[in-house]
Amino acid sequence: EAQVTQNPRYLITVTGKKLTVTCSQNMNHEYMSWYRQDPGLGLRQIYYSMNVEVTDKGDVPEGYKVSRKEKRNFPLILESPSPNQTSLYFCASTLAGGPGEQFFGPGTRLTVL
Amino acid sequence: AQSVTQPDIHITVSEGASLELRCNYSYGATPYLFWYVQSPGQGLQLLLKYFSGDTLVQGIKGFEAEFKRSQSSFNLRKPSVHWSDAAEYFCAVGAYYNDYKLSFGAGTTVTVRA
């Protein structure tokens with residue numbers, strides 16, 4: 001089954017404790033992206049990757065890091081989480097060649113205390 | 001840069017009634033337009049998309065949307081709402097110059113009353 005998976009689905013952590021949210025897709029998509037969803041703001045792009053070893057900032061990159069060492073994986077790293085990073089996070093992927101349908105993961109609800 | 005406005009934060013509709021969700025976009029050229037639905041506790045599912053051609057597009061679950069260039073709008077409609085349509089709906093726009101980034105509206109929450 002074609003899908004984007006994220007882990008963990010729920011995470012409660014404390015300020016300053018490094019964490020990683022994993023994202024994996026099995027569709028051989030070149031493009032992957034991370035969004036955060038906050039009430040009243042919709043989804044905002046954090047980082048994206050056009051292919052292996054190619055990443056770039058989205059609209060709200062501060063406090064986040066990403067890496068793309070393999071085509072299927074695109075982890076989101078919070079080196080020193082803060083309470084304002086409490087949010088719902090979505091990973092998405094799509095084929096290269098134009099903005100076709102983006103496939104979204106199930107989301108990760110992060111709470112930073 | 002592209003942007004999307006969904007003027008209605010919350011809409012309540014009776015089961016069986018029609019539904020229309022508004023979406024206005026800002027972009028200097030022909031955009032790619034999408035509607036996604038997010039059911040409670042779920043991820044985002046694509047309802048329909050517009051790239052070019054016929055300005056009335058059909059999607060899943062009985063939804064349709066009409067692209068009106070003159071009004072910069074891409075409104076979503078459904079003739080008869082079911083209780084299972086209660087969800088949050090997001091309009092999104094993608095740009096030609098940046099092939100992949102989607103800019104989302106703030107979303108419209110739909111409540112269906114019996």
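Lettering follows sequence order; numbering is per chain, from 1.
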**OP:** Determine yes or no for a side-chain-to-main-chain donor-acceptor pair under 3.5 angstrom, with A:Q25 supplying the side chain and A:M27 the backbone.
**Re:** yes

**OP:** Name the region of A:R109, side chain, backbone, both or neither, that has any atom closer than 4.5 Å to a heavy atom of chain B.
**Re:** neither

Subject >> Proximity breakdown for B:Q6 and chain A, heavy-atom pairs closer than 4.5 Å >> reply: neither

**OP:** Would you mind checking which part of B:Q45 comes under 4.5 Å of any heavy atom in chain A, side chain (CB onward), backbone (N, CA, C, O), both or neither?
**Re:** neither

Original post:
Which bit of A:F103 comes within less than 4.5 Å of chain B, counting heavy atoms only: side chain, backbone, both or neither?
Top reply: neither

Subject >> Per-residue contact mode, A:L41 against chain B (heavy atom under 4.5 angstrom) >> reply: backbone

Subject >> Side chain, backbone, both or neither of A:Q37 within contact of chain B (heavy atoms, under 4.5 Å) >> reply: side chain

Original post:
Are the charged groups of A:E53 and A:R68 less than 4.0 angstrom apart, N to O?
Top reply: no

Original post:
With only heavy atoms counted, which part of B:I9 is less than 4.5 Å from chain A, the side chain, the backbone, both or neither?
Top reply: neither

Original post:
Taking NZ, NE, NH1 and NH2 as the nitrogens, is one of them in B:R22 or B:D8 under 4.0 Å from a carboxylate oxygen of the other?
Top reply: yes

Original post:
Can you find a side-chain donor-acceptor pair between A:Y89 and A:Y64 that sits under 3.5 Å?
Top reply: yes

Subject >> Carboxylate-amine/guanidinium contact B:E66 B:R77, below 4.0 Å >> reply: yes

Original post:
Would you call the rings of B:F90 and B:F104 parallel, tilted or perpendicular if under 30° counts as parallel and over 60° as perpendicular?
Top reply: perpendicular

Original post:
Pick from B:G43, B:A106, B:G107: which one has the most heavy-atom pairs with chain A under 4.5 Å?
Top reply: B:A106

